[in-house]
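For reference, the structure discussed in these notes is given below.
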Amino acid sequence: MAKKSSAKKSAKPAAKKSNAKSAQYVYTWGAGKADGNGGMKALLGGKGANLAEMTRIGLPVPPGFTITTEVCTYFYAHKKTYPKELQAQMAAGVANMEKIMGTKFGATDGTPLLVAVRSGARDSMPGMMDTILNLGLNDSTVVALVKATKNERFAWDCYRRFIQMYGDVVLGVQKKEGEDHEPFETVIEGFKHEKYHQDIEDSKLTAADQQELVKRFKALVLERTGHVFPHDPWDQLRGAAGAVFGSWMNDRAIVYRRKYNIPTEWGTAVNVQAMVFGNTGDTSGSGVAFTRNPANGTNEFYGEFLINAQGEDVVAGVRTPEPVLKLKDQMPKSYAELLKVRATLEKHFKDVQDIEFTIQEGKLFMLQTRNGKRTAAAALKFSIDMVKEKLIDWKTAITRNPADQLEQLLAPIFDLAEVRKAKVIATGLPAGPGAATGKIYFNADRAVTAAEKGEKVLLVRVETSPEDLRGMIAAEGILTARGGVSSHAALVARQMGKVCVCGAAALQVDYDKKTVTVSGATYGEGDFLSIDGTAGTVYAGQIKTAPSEIIAGLIHGDKAAQATEKFKSYVQLMKWCAQATKLQVRTNADTPEQTAQAIAFGAVGIGLTRTEHMFFEGDRIDAMREMILADNLGAREAALAKLLPYQRDDFYGIFKALKGFPATIRFLDPPLHEFLPNSTDQQAALAKKLGIDVKKIEHRVHELHEFNPMLGFRGCRLGIKYPEITAMQARAVLEAAADATKAGFKARPEIMIPLVGFKRELDLQVALVHEVAAKVQAEKKVKISYSVGTMIEIPRGALTADEIAHTAEFFSFGTNDLTQTCLGMSRDDSGSFLGAYQESEIMKKNPFASIDQTGVGQLMQIAIEKGRKTRPDIKLGICGEHGGDPDSVKFCHKLGLSYVSCSPYRVPVARLAAAQAAIADLKK
Ligand code: PEP
Ligand code: MG
């Protein structure tokens, strides 16, 4: 009893309390006022927040409201239901629109209010439900609209479009497996041929035609769904909002989120906005534009529009739009207004904007603004130009270049001599810069399968839609026959950094025959084509690619490349990075060439030389094998003596290329069986070469066989059992350093012992190195400045770092091994299940590509704390593959490492990420 009454007591005040400050789920905007603002992207989504912001700064925005992302979270937490306050708040939102517009939702008399419903996550996400226009129309309101506008064709065109969009995205009337065309489009095409015996433009359809299509569309909906198309505008609105929330969890949205690491918890908002119409006649139109060119960065108004059309027509790629600059002649007043808006937006948002607008009978309305997606080349140019224009400072400029996109700038272009010989078969719009060559596929799934087999693939489509996302990810490049620079293909390609040519109208794609016919030739699936996404050219066959201007300028010293704006901008960006950064960037390099490249990219030393890579070339492998096959110390030392000069020469070359920068040289690490031949043929050939019995080789291979070689006889364990290997390697390094010093350039070797888990392992190896060093210095009569340290790459090493730091002068985190040993997942074959793990969101990213910060990261943290306790100034670095991953670099900055080390071509990426991490610190 007592329990019951207390429950009752507490229930009442709680209910009161929730009434008192009932949550706000709907944020309205319109007529210069807005509940929200541009800073509220987490709650209102990107689109909703910016619509509110544009309203606040006085731009012409049709009124509307945003249903918050919290409702999306609620929807999934409560079995797809809504908070009870929502309906009333939406009704208030609709009333606000009605007041401002002077119209009424569902009106059968007077002008009915029609609305657009759009999804709006924090970042825009292709793959989610996009837009439903003209919602609110039914058989009665369409008659009212005809009466109010005296424009019968327009009203029925709106209704026809509404059923098509709503049927597709809300009711799921979409193409079935095996169909290459949308069912509504098939109905339209059938009708056109039936009545006009040809494929006329949509704009030529009469009011009666649209009315007939409405009838046929409704019949199609009934046939495909078993339900009558909803009549009540409120049912339509609730259905559309539900579809937006539902689309947050559709496959395409999940694929997209996974690729871009967008957390599922963010959810999406829904935007409901009063319709303005671009399809009322020739004084109306719709367009999309970027305030600057997002493909190459030029400061020019860049976009496209269609007269007498609704927004979807422009992006759907069904009609090819006109460049926005042509508006200047066709609607000079609206164009001038648009230019003013362009300037206002850039000044206000201080970044390049991607806008959507509609002109209704000569009046301009803004429907969206957001920071424009851009290629790496455009991002670079925007950032440099905006500093010059004093819109942003140099630190902001660094943050405007996404580190994971920077590699695009280093991507190859076509070899000029080859491209001159190649046959141009078509031209289209340059939508994603770069050069790509590959076998053509016409379907996303087949493209994925081919790419999985290792083929280089070009995805060729009439136009792309979000279903093609997987194929686009797998392809080297994307080629479409229809669509403009803001079509789906172009937007997605640009964001992914894929090469893309779109709207190559000469291509006749036949999905059934799996062919494309162009310039009198027909190409089938598996044939090669090449595309230049910077120029918009399509070539027959394969074309060799050449390095980008940045590579040509930096690595090959090409003067013409160095004179290009792109090269100079890159150099400027890297100068700023050097100014901002705390974390140094070294490289993983095993040869003088690699070292020189990395230095050209701005590396300040080597973080890892894997010495075993030096044993494979030419005759050296023979001496190595001789050493492994030797059955006594004398024979082993004789073989090692043959290896010594090779190693010494390699180190000398590396020291020279380093120009005084330090080099961390890691002693032999892999298990010995990796150096011996596997096949009987190869074993017989080796026996002959070395003049020994093949049985001996077979026996040794058998003896060295391990079940878990990655956890076996490798790393310092080799040097413990065969100290003479360590001694030879130490001698090679130190003699090279002595020779370098004598030759007048500085060598700073840092000898690194791998796979240490016990202090004593390191003690034994270090003692040996010092012993050899003393001898070499005496023999060569020079003082060599060297240090000895270790890799932290197995958990015991991390946990006992305080002990190990007594001997180690530096630590370098070998996060490849540390990941596999911490996670208990092999770095070689965990690929078989890692995909499923990421899909199930057990791990967000591949832990071998991006550091598992909570697990492996914790081991690193422990090692750093313990290491510093013993040796406060211990030098700390990382040399696993993670050293070139922007998120991992930022994590290493946070941990306070002195450097990251990565492959030469990732050095610029790491430098940019390191500078961004330092700038983010300043902002805290
Ligand atoms: C590591 O384990 O992270 C490392 C750099 O060494 P390796 O990849 O050669 O094992
Ligand atoms: Mg390792």
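Read the numbers this way: they start at 1 and go in the same order the structure lists the ligands and their atoms. Side chains included, hydrogens not; waters and symmetry mates left out as well; all remaining heavy atoms used.
Listed by number with element, the atoms of ligand 1 under 4.0 Å from a non-hydrogen atom of G814 are 1 (C), 2 (O), 3 (O). Close approach to R610 involves these atoms of ligand 1, each under 4.0 Å from a residue heavy atom: 4 (C), 5 (C), 6 (O), 7 (P), 8 (O), 9 (O). Near R666, with a cut-off below 4.0 Å to any heavy atom, the atoms of ligand 1 are 6 (O), 7 (P), 9 (O). Annotation for ligand 1: atoms under 4.0 Å from non-hydrogen atoms of M791 are 4 (C), 5 (C), 6 (O). Set against the non-hydrogen atoms of N816, the atoms of ligand 1 under 4.0 Å away are 1 (C), 2 (O), 3 (O), 4 (C), 5 (C), 8 (O).
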Under 3.5 Å, which donor-acceptor pairs do the side chains of residues 840-848 form with other protein atoms, sequence neighbours left out?
{"unit_1": "S840", "atom_1": "OG", "unit_2": "A836", "atom_2": "O", "d": "2.8"}
{"unit_1": "E841", "atom_1": "OE2", "unit_2": "T264", "atom_2": "OG1", "d": "3.2"}
{"unit_1": "K845", "atom_1": "NZ", "unit_2": "D887", "atom_2": "OD2", "d": "2.2"}
{"unit_1": "N846", "atom_1": "OD1", "unit_2": "F848", "atom_2": "N", "d": "2.8"}

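Between the side chain of S787 and the backbone N or O of E750 there is no donor-acceptor pair closer than 3.5 Å. Side-chain atoms of T821 never come within 3.5 Å of backbone atoms of I794 as a donor-acceptor pair (strictly under, hydrogens ignored). A donor-acceptor pair under 3.5 Å is absent between the side-chain atoms of T800 and the main chain of E803, judged by distance alone.
Looking at V585, T664, V604 one by one, the single match for side chain to side chain contact (heavy atoms under 4.5 Å, CB included) with Y899 turns out to be T664. The only member of I697, V701, L672 that meets side chain to side chain contact (heavy atoms under 4.5 Å, CB included) when paired with L629 is I697.
For the Mg ion (ligand 2), the N/O/S atoms of D817 include one lying under 2.8 Å.
Classified by interplanar angle (parallel below 30°, tilted 30° to 60°, perpendicular above 60°), the ring pair Y722/F713 is tilted.
At a heavy-atom distance under 4.0 Å, no atom of N588 approaches ligand 1. Proximity of D817 to ligand 1, defined as any heavy-atom pair under 4.0 Å, is shared by backbone and side chain alike.
Nearest-heavy-atom check against atom 7 (P) of ligand 1 across R827, Q820, E793, H882 picks out R827.
The nearest N/O/S atom of E793 to the Mg ion (ligand 2) is OE1.
Side-chain contact of N588 with S901: a donor-acceptor pair under 3.5 Å is present, judged by distance alone.
Residue-ligand proximity: R714 is placed with a non-hydrogen atom under 4.0 Å from ligand 1.
Residue L608 has no N or O atom closer than 3.5 Å to an N or O atom of ligand 1.
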